[in-house]
Q: 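Below are the structure tokens for one structure; questions will follow.
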Amino acid sequence: MRAPCRAAAVALLSAAAVGCGDTGGLRGAGAAPTAVSPARLWPELPPASSPAFDLGEVDTEVVEGVAVPGGDIRAVDPAAVVRAEITAHPEEYRGDRAPYRETVRRMGDCAGGGEDGRDGATTGCPLLAPYYRDLTGDGRDDLTLGFRLLPEDLTAVRVYTVDGDRHRLTRVMAYDDALSGVELAGRSVIVRSPSEVAGYEYRLQWTWDPDQRAMLLTHDEMLRTGHPRSTPSTPSTRPAPSATSSADAR
């Protein structure tokens with residue numbers, strides 16, 4: 001009788017083992033594609049020693065004429081910051097042939113202080129609501145500012161920080177484009193722009209670099225949105241990332 005009992009016990013244990021394997025065991029996913037190493041093209045070409053184009057990777061600028069009371073960037077008037085840029089770059093804003101001449105005219109609708117008139121969606125003011133977040137990692141807020149570039153269908157995105165020693169307002173990022181969205185994530189500013197290709201968008205990520213003391217363009221991608229659509233009437237201009245080069249296509 002012991003032999004049949006042992007056989008029955010083995011059968012029960014085998015069934016239990018099979019059951020556990022079915023619920024948590026590994027399963028094959030099929031054949032994996034063969035890995036292909038990168039192929040270096042034209043190895044005889046000597047490596048370049050300098051860039052062919054200036055993309056303004058480290059394009060910082062001290063904002064003249066705008067005080068930072070107590071070194072607190074929240075005490076800075078955003079409208080005064082935009083007016084300072086207009087003064088510093090008259091070729092972009094002043095005159096009947098300036099590409100963003102309408103922005104200057106609309107700035108008269110912006111309030112000099114407080115929250116009123118900062119959102120161009122509800123008034124004629126081209127200035128959008130300011131956002132404050134520590135993007136440089138020094139424990140203090142920085143200013144992310146946006147304003148409409150009129151009559152073009154473009155938006156300026158700017159990031160400002162404060163020089164801790166001199167309490168000077170410094171622009172550490174400048175980018176102009178037709179936008180579909182802007183996000184802040186960690187030490188980065190992510191800009192999304194419509195593409196000429198239906199169902200895709202451009203996505204650029206600017207990240208604070210402590211060595212350069214500036215926001216650097218660390219990612220520039222063309223990604224599928226998953227929602228095919230017709231070609232936009234005002235696609236991204238893909239300008240070089242600087243404050244005064246939005247008319248130049250990359």
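The model shown is predicted, which means the values in this text are computed figures rather than measured ones.
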Q: So, the side chain of Arg74 versus the backbone of Asp141: is there a donor-acceptor pair under 3.5 Å, distance only?
A: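 The answer is no, because no donor-acceptor pair under 3.5 Å joins these two groups.
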Q: Do any N or O atoms from the side chain of Thr207 and from the backbone of Ser188 form a donor-acceptor pair under 3.5 angstrom?
A: no
Q: Inspect the contact between Arg140 and Asp138 and indicate whether a charged nitrogen and a carboxylate oxygen are less than 4.0 angstrom apart.
A: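 Yes, charged N to carboxylate O under 4.0 Å.
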Q: Calculate, to the nearest 0.5 Å, the distance between atoms OH and CE belonging to Tyr202 and Met222 respectively.
A: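 It comes to 5.0 Å.
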Q: With rounding to the nearest 0.5 Å, note down the distance linking CD in Glu102 to CD in Glu152.
A: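 Reported to 0.5 Å precision, the distance equals 11.5 Å.
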Q: Is Arg94 reaching over with its side chain to a backbone N or O of Glu91, donor-acceptor style, under 3.5 angstrom?
A: no
Q: Quick check for you: to the nearest 0.5 Å, what is the distance between Ile73 atom CD1 and Thr170 atom OG1?
A: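 Rounded to the nearest 0.5 Å, the CD1-OG1 separation comes to 9.0 Å.
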Q: Hey, what do you get for CE (Met173) to CD (Glu61), rounding to the nearest 0.5 Å?
A: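 Rounded to the nearest 0.5 Å, the CE-CD separation comes out at 14.5 Å.
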Q: How far apart are the closest heavy atoms of Thr60 and Val172, and which atoms are they?
A: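 Heavy atoms of Thr60 and Val172 come nearest at CG2-CA, 4.1 Å.
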Q: If you take all heavy atoms of Arg40 and Pro43, which pair is closest and at what distance?
A: NH2-O, 3.7 Å
Q: On a heavy-atom basis, which atom in Arg148 and which in Thr103 lie closest, and how many Å separate them?
A: O-OG1, 2.9 Å
Q: Should Arg203 and Glu201 count as an ion pair when the cut-off is N to O under 4.0 Å?
A: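 A salt bridge links Arg203 with Glu201.
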Q: Hydrophobic clusters here meaning ILVMFWY residues chained together by side-chain heavy-atom distances under 4.5 Å, can you tell me if Leu204 and Val197 are in one?
A: yes
Q: Ignoring hydrogens, what is the shortest heavy-atom contact between Val66 and Ala80? Give both atom names and the distance.
A: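 Heavy atoms only, the tightest pair is CG2-O, 3.7 Å.
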Q: Taking a hydrophobic cluster as the set of Ile, Leu, Val, Met, Phe, Trp and Tyr residues connected by side-chain heavy atoms closer than 4.5 Å, whether directly or through intermediates, do Val63 and Tyr132 fall within one such cluster?
A: yes
Q: According to a 4.5 Å side-chain heavy-atom criterion applied to Ile, Leu, Val, Met, Phe, Trp and Tyr, with indirect links allowed, do Leu150 and Tyr175 form part of one hydrophobic cluster?
A: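 Different clusters.
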Q: Can you tell me how far apart CG (Leu154) and CG (Asp177) are? Round to the nearest 0.5 Å.
A: 7.0 Å
Q: List the steps, then state whether side chain to side chain contact (heavy atoms under 4.5 Å, CB included) holds for Glu92 with Glu85.
A: CA-CA 10 Å; Glu92 298 288 330; Glu85 176 170 323; over 6 Å; no
Q: I'd like to know if Phe147 and Ile86 are part of one continuous hydrophobic network [Ile/Leu/Val/Met/Phe/Trp/Tyr, side-chain heavy atoms within less than 4.5 Å].
A: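 As far as the 4.5 Å side-chain criterion goes, Phe147 and Ile86 are connected within one cluster.
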Q: Looking only at non-hydrogen atoms, find the nearest pair between Val162 and His167 and report the distance.
A: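 What the structure gives for the nearest pair is CG1-CA, 3.8 Å.
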Q: Measure across Pro90 and Thr87 and return the closest heavy-atom pair with its distance rounded to 0.1 Å.
A: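 Looks like CD-O, 3.4 Å.
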Q: Pick one: which of Pro151, Pro126, Cys125 meets side chain to side chain contact (heavy atoms under 4.5 Å, CB included) with Arg106?
A: Pro126
Q: Check this for me, if you would: do Asp96 and Arg105 make a salt bridge, where the nitrogen-to-carboxylate-oxygen distance has to be below 4.0 angstrom?
A: yes
Q: Are Leu145 and Ile190 connected, step by step, through hydrophobic side chains (Ile, Leu, Val, Met, Phe, Trp, Tyr) whose heavy atoms are closer than 4.5 Å?
A: no
Q: Are the charged groups of Asp176 and Arg158 less than 4.0 angstrom apart, N to O?
A: yes
Q: A side-chain contact here means heavy atoms from C-beta on lying under 4.5 Å apart; do Arg168 and Val68 qualify?
A: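 No - every pair of side-chain heavy atoms lies 4.5 Å or more apart.
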Q: Are Asp142 and Arg133 ion-paired here, with the side-chain N under 4.0 Å from a carboxylate O?
A: no
Q: Is the backbone N or O of Gly139 less than 3.5 Å from a side-chain atom of Asp134, with the two atoms forming a donor-acceptor pair by type?
A: yes
Q: Knowing that exactly one of Val157, Val159, Leu217 qualifies, which makes a side chain to side chain contact (heavy atoms under 4.5 Å, CB included) with Trp206?
A: Leu217
Q: Does the side chain of Leu169 reach to within under 4.5 Å of the side chain of Val62, using non-hydrogen atoms?
A: no
Q: Roughly how far apart are Thr136 OG1 and Trp208 CH2, rounded to 0.5 Å?
A: 5.5 Å
Q: Hey, mind stepping through Val76 and Val81 against side chain to side chain contact (heavy atoms under 4.5 Å, CB included) and telling me if it holds?
A: CA-CA 8 Å; Val76 174; Val81 177; 3.5 Å; yes
